[in-house]
Amino acid sequence: MRNAMACKGYIGTVEYSEEDNCLFGRIGGCRDIISYEGESVVEIRQAFEDAVDDYLKHCAATGKEPNKPYSGKFVLRIAPPFTPE
């Protein structure tokens with residue numbers, strides 16, 4: 001994936017805002033909204049990692065189960081075949 005980075009199983013995007021002259025991003029693949037920003041590649045990477053850590057700490061402190069990133073897999077469970085007795 002282009003313009004993306006990973007930390008602890010979470011994937012974060014990186015985009016550039018010409019209007020604000022900064023990099024910004026959002027963690028994808030989970031229902032909670034987690035965003036971050038920075039002015040350089042080093043800053044945006046650190047902000048992303050800090051956002052993941054802060055999110056996990058917040059969930060632990062509040063007793064909330066953190067959203068797991070989507071795996072991209074579709075799992076289908078079916079009943080075992082019928083066997084007559």
Side-chain angles (χ1 to χ4, degrees):
M1 177 184 279
R2 290 177 52 200
N3 300 328
M5 51 194 158
C7 176
K8 299 181 181 176
Y10 292 90
I11 303 294
T13 62
V14 178
E15 298 182 50
Y16 173 69
S17 169
E18 188 171 349
E19 180 179 329
D20 298 322
N21 193 34
C22 74
L23 299 168
F24 68 95
R26 188 172 156 182
I27 294 176
C30 69
R31 292 180 302 276
D32 292 320
I33 298 171
I34 308 163
S35 61
Y36 43 88
E37 64 180 60
E39 294 184 6
S40 69
V41 173
V42 172
E43 283 185 20
I44 194 75
R45 177 73 196 185
Q46 187 62 55
F48 165 63
E49 292 174 0
D50 290 347
V52 171
D53 289 341
D54 290 346
Y55 173 67
L56 295 174
K57 285 177 190 173
H58 172 76
C59 289
T62 60
K64 177 186 175 190
E65 185 70 27
N67 289 158
K68 301 289 184 199
Y70 300 130
S71 68
K73 297 178 184 176
F74 177 73
V75 179
L76 178 64
R77 297 176 199 253
I78 58 174
F82 175 75
T83 53
E85 294 183 36

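Quick note: residue numbers are just sequence positions, from 1. In what follows, every heavy atom counts, from backbone to side chain, and hydrogens, waters and symmetry copies are set aside. Just so we're clear, the structure is a prediction, and the values are computed from it rather than from any experiment.
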Is it the case that one hydrophobic cluster holds both [X] and [Y], taking links as side-chain heavy atoms less than 4.5 Å apart, direct or via other members?
{"X": "Phe48", "Y": "Val41", "value": "no"}
{"X": "Met5", "Y": "Phe24", "value": "no"}
{"X": "Val14", "Y": "Ile11", "value": "no"}

| Would one find more than 12 heavy atoms of other residues, nucleotides or ligands at under 6.0 Å from atom CD of Glu37? | no
| request: Check whether any side-chain heavy atom of Lys64 lies under 4.5 Å from a side-chain heavy atom of Asp32, and answer yes or no. | output: yes
| field | Minimum side-chain heavy-atom gap Glu15-Asn3 below 4.5 Å | value | no
| message | Please check: side-chain N/O of Ser17 versus main-chain N/O of Cys22, any donor-acceptor pairing under 3.5 Å? | response | no
To the nearest 0.5 angstrom, please state how far the [atom1] atom of [X] sits from the [atom2] atom of [Y].
{"X": "Arg45", "Y": "Leu23", "atom1": "CZ", "atom2": "CG", "result": "13.5 Å"}
{"X": "Gln46", "Y": "Tyr36", "atom1": "CD", "atom2": "OH", "result": "13.0 Å"}
{"X": "Glu43", "Y": "Asp50", "atom1": "CD", "atom2": "CG", "result": "11.0 Å"}

Tell me the closest heavy-atom pair linking [X] and [Y], and the distance in Å.
{"X": "Tyr10", "Y": "Ile27", "answer": "CD2-CG2, 3.9 Å"}
{"X": "Ala51", "Y": "Ser35", "answer": "CB-O, 4.3 Å"}
{"X": "Ile44", "Y": "Gly25", "answer": "CD1-N, 4.3 Å"}
{"X": "Tyr16", "Y": "Asn21", "answer": "OH-OD1, 3.0 Å"}

